[in-house]
Amino acid sequence: QMADPFLYNTGERSHYGCLGHEVQIEYLKAYVCRPSFFTDKAVIVVHDVFGWRFPDIRYIVDLMAGHGYITICPDFFKGTEPWTSTDHWADFPDWMKNHDPMKVDKEADVVLKYLKEQCGAKKIGIVGFSWGGMAVHHLMLKNPQLTAGVSLYGIVRDSEERYSLLNPTFFIFGEKDHTISLDQIFLLEDKLKQYCKVPYKIKVYPGQVHGFAQLKPEDMKPEDKPYIEEARRDMIDWIKMFV
């Protein structure tokens, strides 16, 4: 029995009443939330392994919309089953082979087209969590249409080309994330200093585990709450600075 790599309990989720609605975009389903006023700024939210219907991720979509962005979380798993907290970790590598966070380019293009043509978006940022953080790192290397990105505890690990970011990118990590070691974070920092030509930022939040930043308020532990809130503020500030 492998230890649960997320260390945050996904079983008992408090009910969350969403503010947005679901749409169909070509072959993708997506959850969209819009601010109450017109804007030409948008943010794509990339979900973690628990998929686009997971309450925590919808909470983040609504939070971004509340800050004035048309916000969308597409189903990057294209209708296939997300990982669930009852699945066995021994099967995780196989599941990941069929859900590769580096193979999101086509879906990203479909969503970008929708945001530009149907929603009138002119500037589009992206934020992603865990699996989605890896997807964001990948897309910030490949897709110049994304004005800025925030990757929360997810990095592209095994490509030498992973440091030439196209647009401003912010990497958020938990100090006690046992899926991403501090060594990997220091290496990322070192290489970005050498190769990256756009603004970037790396920040490590004390005592925080993998998945810390998407917890809903009622699921937070009091000692973690200040760091969770700080990470979210930092994420939103980065998007506001560039998008």
Side-chain angles (χ1 to χ4, degrees), residues 4-11 13-14 16 18-33 42-65 69-87 92 95-112 114-115 124-140 143 146 149-156 170-172 174 177 179-180 209-216 219 228 231-232 235-236 239:
D4 178 339
F6 297 103
L7 296 185
Y8 88 127
N9 179 7
T10 54
R13 292 333 263 152
S14 45
Y16 178 63
C18 301
L19 305 175
H21 62 282
E22 294 183 4
V23 294
Q24 183 80 38
I25 309 167
E26 292 183 30
Y27 63 96
L28 290 177
K29 284 194 160 69
Y31 173 68
V32 182
C33 190
V43 172
I44 300 168
V45 174
V46 192
H47 54 71
D48 61 16
V49 295
F50 300 113
W52 74 295
R53 287 202 166 99
F54 198 52
D56 295 17
I57 216 71
R58 298 209 164 180
Y59 173 79
I60 296 289
V61 172
D62 294 355
L63 180 76
M64 291 297 320
Y69 295 91
I70 302 159
T71 311
I72 186 166
C73 179
D75 175 13
F76 280 96
F77 297 161
K78 300 169 285 201
T80 64
E81 285 305 300
W83 187 254
T84 71
S85 50
T86 51
D87 291 332
F92 191 64
W95 182 88
M96 273 295 274
K97 279 192 198 97
N98 299 315
H99 300 81
D100 184 344
M102 313 306 141
K103 295 202 169 111
V104 288
D105 302 86
K106 187 167 169 241
E107 287 69 49
D109 282 338
V110 166
V111 175
L112 282 159
Y114 167 80
L115 288 171
I124 302 167
I126 189 165
V127 301
F129 298 78
S130 183
W131 187 94
M134 291 188 261
V136 166
H137 186 177
H138 167 79
L139 287 166
M140 293 311 291
N143 198 320
L146 295 161
V150 184
S151 164
L152 295 96
Y153 28 83
I155 52 175
V156 174
F170 178 23
F171 294 90
I172 285 175
D177 185 334
T179 68
I180 301 170
V209 299
H210 194 81
F212 79 98
Q214 69 244 56
L215 285 170
K216 300 196 301 308
D219 298 320
I228 296 169
R232 286 199 189 141
M235 168 183 82
I236 289 160
I239 292 294

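Since this is a predicted model, take the numbers as computed values, not measurements. The first residue of the sequence shown is numbered 1, and numbering continues consecutively from there.
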Under a 3.5 Å distance rule, please check whether Y31 uses its side chain to pair with a backbone N or O of G20 as donor and acceptor.
yes
Please identify each residue that fulfils ring pair (Phe, Tyr, Trp, His ring centres under 6.0 Å) with F77, with sequence neighbours left out.
H47, W95, H99, W131
Between F212 and A231, what is the shortest heavy-atom contact and its length?
CE1-CB, 3.7 Å
Those residues at least two apart in sequence (or on a different chain) that pass side chain to side chain contact (heavy atoms under 4.5 Å, CB included) with A108 are L139
Hey, could you give me the CD1/SG distance between I72 and C33, rounded to the nearest 0.5 Å?
11.5 Å
Go through the structure and list residues passing side chain to side chain contact (heavy atoms under 4.5 Å, CB included) with K103, not counting sequence neighbours.
D100
Locate the shortest heavy-atom distance separating I57 from G51; write the atom from each residue and the value.
CG2-O, 3.8 Å
Go through it in stages, so that I can follow the logic: the residues are I155 and I180, the test is side chain to side chain contact (heavy atoms under 4.5 Å, CB included), and I'd like the CA-CA distance, side-chain angles, deciding distance and then a yes or no.
CA-CA 8 Å; I155 52 175; I180 301 170; 4.1 Å; yes
Check step by step if side chain to side chain contact (heavy atoms under 4.5 Å, CB included) holds for F76 and V46.
CA-CA 8 Å; F76 280 96; V46 192; 3.7 Å; yes
Across all chains, not counting sequence neighbours, the salt bridge (charged side-chain N to carboxylate O under 4.0 Å, His left out) partners of K29 are none
Working to the nearest 0.5 angstrom, can you tell me the gap between I124 CD1 and Y114 OH?
11.5 Å
With H138, which residues qualify under side-chain hydrogen bond (donor to acceptor under 3.5 Å, both in side chains), at least two apart?
D105
Under the 3.5 angstrom rule, does the side chain of E81 hit a backbone N or O of W83 as a donor-acceptor pair?
no
Could I get the full list of ring pair (Phe, Tyr, Trp, His ring centres under 6.0 Å) partners for F171, not counting sequence neighbours?
H137
Go through the structure and list residues passing ring pair (Phe, Tyr, Trp, His ring centres under 6.0 Å) with F129, not counting sequence neighbours.
none
All side chain to side chain contact (heavy atoms under 4.5 Å, CB included) counterparts of M140, not counting sequence neighbours
I126, V136, L146, L165, N167, T169
side-chain hydrogen bond (donor to acceptor under 3.5 Å, both in side chains) against E22, all qualifying residues, sequence neighbours excluded:
R58
Heavy-atom nearest pair, I228 first then A213, reads CG2-O, 4.1 Å
So how far is it from K106 NZ to L28 CG, rounded to the nearest 0.5 Å?
8.0 Å
Once rounded to the nearest 0.5 Å, what's the spacing between atom CD of Q214 and atom CG of D48?
5.0 Å
Closest approach of S151 to M134 (non-hydrogen atoms, all atoms of both residues):
OG-N, 4.5 Å
Checking D87 side chain against T84 main chain: does a donor-acceptor pair fall under 3.5 Å?
yes
Between atom CD1 of I44 and atom CG of L112, what is the distance when rounded to the nearest 0.5 Å?
4.5 Å
In Å and rounded to the nearest 0.5 Å, what is the CD1 to OG1 distance from I60 to T71?
10.5 Å
